[in-house]
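Each chain gets a letter, A, B and so on, in the order its sequence line appears, and its residues count up from 1.
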2 protein chains.
Amino acid sequence: MAPAHWRHYPPLDLPPILRGALEVFTARGYHGSSVRELATHAGVTVPGLYYHYPSKQAILVALLDACVGELLSRAGAAHDEAAPTPRARFTNIVESIVLTVTHRSALTVLDSELRYLEPESRRHYAAARKQLENLLLGVVRAGHQSRTFDVSSPEDTTRALLGMFQAIVTWYDPAGPLTPPEIATRYRTIALHTVGATEAQR
Amino acid sequence: MAPAHWRHYPPLDLPPILRGALEVFTARGYHGSSVRELATHAGVTVPGLYYHYPSKQAILVALLDACVGELLSRAGAAHDEAAPTPRARFTNIVESIVLTVTHRSALTVLDSELRYLEPESRRHYAAARKQLENLLLGVVRAGHQSRTFDVSSPEDTTRALLGMFQAIVTWYDPAGPLTPPEIATRYRTIALHTVGATEAQR
DNA sequence: CTTTGTTGACTTAACGGTCGCTAAAGTAAC
DNA sequence: GTTACTTTAGCGACCGTTAAGTCAACAAAG
């Protein structure tokens, strides 16, 4: 379950039903996909699908579970591994978020389907996202207080940064010319500018 | 049609059917809304709805038309009104985008439903968004060349900025404490940092 | 060894309900 | 009488879901 290292992204190991569902949900959206499409894409019949999952929504939840946990644990590992300076921690977290968003882009797209979940599940994912926000916010605040960073409001800046990263999936194409590490490098530079720490500083 | 000024946002003047459809689409998503819901929300019957619009998709298109055009024309006006410096143009465009995203948040949320459109309509909106990107990119490039801005890549930075603005709708609440002008002010500061132009400079 | 019972994985067939959409008739204003 | 718009009624297709049966694998009982 736990990856060997937060920078290493093995191919997603999902059961065939979830693998197929991921493709269909990504292409057509949650409400736009029928359980029949999910079933045929996974190579099973419809009741075969219901044997493994109690409902269509449960499939989406299982998929999101695989996503949110990974993002959070990788960002945490990236933070812990960094030298104990705001700058090092910040760049590691940014790199890890951008790597996850790109390497797991199909899963990340599902974030926009989050609001169709029943309230209980939705609260669960809202909490997870808040945890990520707090991780990044802590680092930005530390940099703010030590004057390593130049930000007017750590809270606003953190929220803006996370939005910036999340938006990558709206244009990222795994078949395109840019690789995840390349994008991570570019966004590291941009994010450093956003928190007022120029590349030149060390 | 054209607003008196790009900073002024009168209440949306939409025909009742579109007004109701906007609420329903925003709450449930395109595929999650039925034409029966759209009709009852607008106070008409289903065939009454089909008298005005040929299909469910046409309603979404009409709604998006009202959105994209406004965003583009306001950003253009904000650019033209600014003093002819990259910094003034940049802050005006940023302010105008953030004001539109917040004042017209219900319409902006529909952007995530864009991929469910048939290819022809989707290309139309992709082109409009590209126009906005080019408007902002031109200004960022000008600031880059005149050394007013400090960016490593105007293209990447512009794309990151637009993603940052678009993401506002994921947390913005019209009933919340923050008003659109307040958010615009905060994002102006953040965006200036992102392009490497500190607030202190004039 | 066979027989029998149990489980797990999956099938065929279909349930009631909702989907997007429309034909045809009606109404009110000009 | 024409135009603008609404109504009642319902089309066929598809929706998420389920009941009931099939079939291989395996274990305990004879």
Side-chain angles (χ1 to χ4, degrees), chain A residues 13-66 106 109-110 112-122 124-125, chain B residues 13-66 106 109-110 112-122 124-125:
Chain A
D13 187 26
L14 288 174
I17 289 182
L18 288 189
R19 175 179 303 278
L22 178 55
E23 288 179 29
V24 179
F25 280 154
T26 303
R28 303 209 187 326
Y30 177 71
H31 283 305
S33 315
S34 73
V35 293
R36 275 157 251 260
E37 283 175 314
L38 299 182
T40 58
H41 227 80
V44 297
T45 59
V46 172
L49 192 147
Y50 275 91
Y51 178 80
H52 294 281
Y53 300 93
S55 70
K56 181 185 173 186
Q57 176 141 180
I59 297 178
L60 177 58
V61 169
L63 234 23
L64 287 170
D65 265 333
V109 185
L110 295 185
S112 61
E113 310 287 339
L114 233 151
R115 52 188 174 134
Y116 304 135
L117 258 52
E118 49 183 16
E120 196 196 340
S121 305
R122 207 177 53 235
H124 176 233
Y125 297 111
Chain B
D13 185 27
L14 289 173
I17 289 182
L18 288 188
R19 175 179 304 277
L22 178 55
E23 287 178 29
V24 180
F25 280 154
T26 303
R28 303 210 190 321
Y30 176 71
H31 283 304
S33 314
S34 71
V35 292
R36 273 159 253 257
E37 283 175 314
L38 298 181
T40 59
H41 226 81
V44 297
T45 58
V46 173
L49 193 147
Y50 276 92
Y51 179 81
H52 294 282
Y53 300 93
S55 70
K56 181 185 174 186
Q57 177 142 177
I59 297 177
L60 177 58
V61 169
L63 233 23
L64 286 171
D65 265 332
V109 187
L110 295 185
S112 61
E113 311 286 340
L114 231 152
R115 53 189 173 131
Y116 305 135
L117 258 52
E118 49 183 14
E120 195 196 340
S121 305
R122 209 177 53 234
H124 176 232
Y125 297 112

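- Residues B:Ile59 and B:Phe25 approach most closely at CG2-CE1, 4.1 Å, considering heavy atoms.
- Applying the salt bridge (Lys or Arg N to Asp or Glu O under 4.0 Å) test to residues at least two apart or on different chains, none of the pairs has a partner in residues 41-53 of chain B.
- By the ring-ring contact (aromatic ring centres under 6.0 Å, His included) test, A:Tyr116 is found to be paired with A:His31, residues two or more places apart in sequence or in another chain being considered.
- Residue pairs meeting the salt bridge (Lys or Arg N to Asp or Glu O under 4.0 Å) criterion with at least one member in residues 31-60 of chain A, sequence neighbours excluded: A:Arg28-A:Glu37.
- Residues from residues 14-35 of chain B placing a heavy atom under 4.0 Å of any atom in DNA chain D do not occur.
- Between A:Arg36 and D:dC15 there is a side-chain N or O to OP1 or OP2 distance below 4.0 Å.
- Side chains of A:Leu38 and A:Ile17 form no contact here, defined as non-hydrogen atoms less than 4.5 Å apart.
- Taking the nucleotide of DNA chain D with the nearest heavy atom to each of A:Glu37 and A:Pro54, the more 5' of the two is matched to A:Glu37.
- With sequence neighbours left out, A:Ala62 forms a side chain to side chain contact (heavy atoms under 4.5 Å, CB included) with A:Leu18, A:Tyr53.
- If you measure from atom OH of A:Tyr50 to atom C1' of D:dA20, you get 17 Å, rounded to the nearest angstrom.
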Every protein N/O lying under 3.5 Å from an N/O of nucleotides 25-30 of chain C:
none

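- Within the 4.5 Å cutoff, no side-chain heavy atoms of A:Glu118 are placed close to those of A:Val61.
- Residues that satisfy the salt bridge (Lys or Arg N to Asp or Glu O under 4.0 Å) test with B:Arg115, not counting sequence neighbours, are A:Glu113.
- Across B:Pro16 and B:Ala42, no two heavy atoms sit closer than the pair O-CB, 3.8 Å.
- In plain terms, the two heavy atoms of A:Ser112 and A:Val109 that are nearest each other are OG-O, 3.0 Å.
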Do any N or O atoms of the protein come closer than 3.5 Å to N or O atoms of nucleotides 8-12 of chain C, and which pairs are they?
| residue | atom | partner | partner atom | Å |
| --- | --- | --- | --- | --- |
| C:dA9 | OP2 | A:Tyr51 | OH | 2.6 |
| C:dC10 | OP2 | A:His52 | NE2 | 3.0 |
| C:dT11 | OP2 | A:Thr45 | N | 3.3 |
| C:dT11 | OP2 | A:Thr45 | OG1 | 2.3 |

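- In this view, B:Ser55 and B:Gln57, B:Ala58 satisfy the side chain to side chain contact (heavy atoms under 4.5 Å, CB included) rule, not counting sequence neighbours.
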I'd like a table of donor-acceptor pairs (distance under 3.5 Å, sequence neighbours excluded) in which one partner is a side-chain atom from residues 44-51 of chain B, with atom names and distances.
none

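- Residues satisfying the side chain to side chain donor-acceptor pair (under 3.5 Å) test with A:His41, not counting sequence neighbours, are A:Glu23.
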Reading DNA chain C 5' to 3', what string of ( ), [ ], | and . shows its pairs, if Watson-Crick and G-U wobble pairs count only when both distances fall under 3.5 Å? ||||||||||||||||||||||||||||||
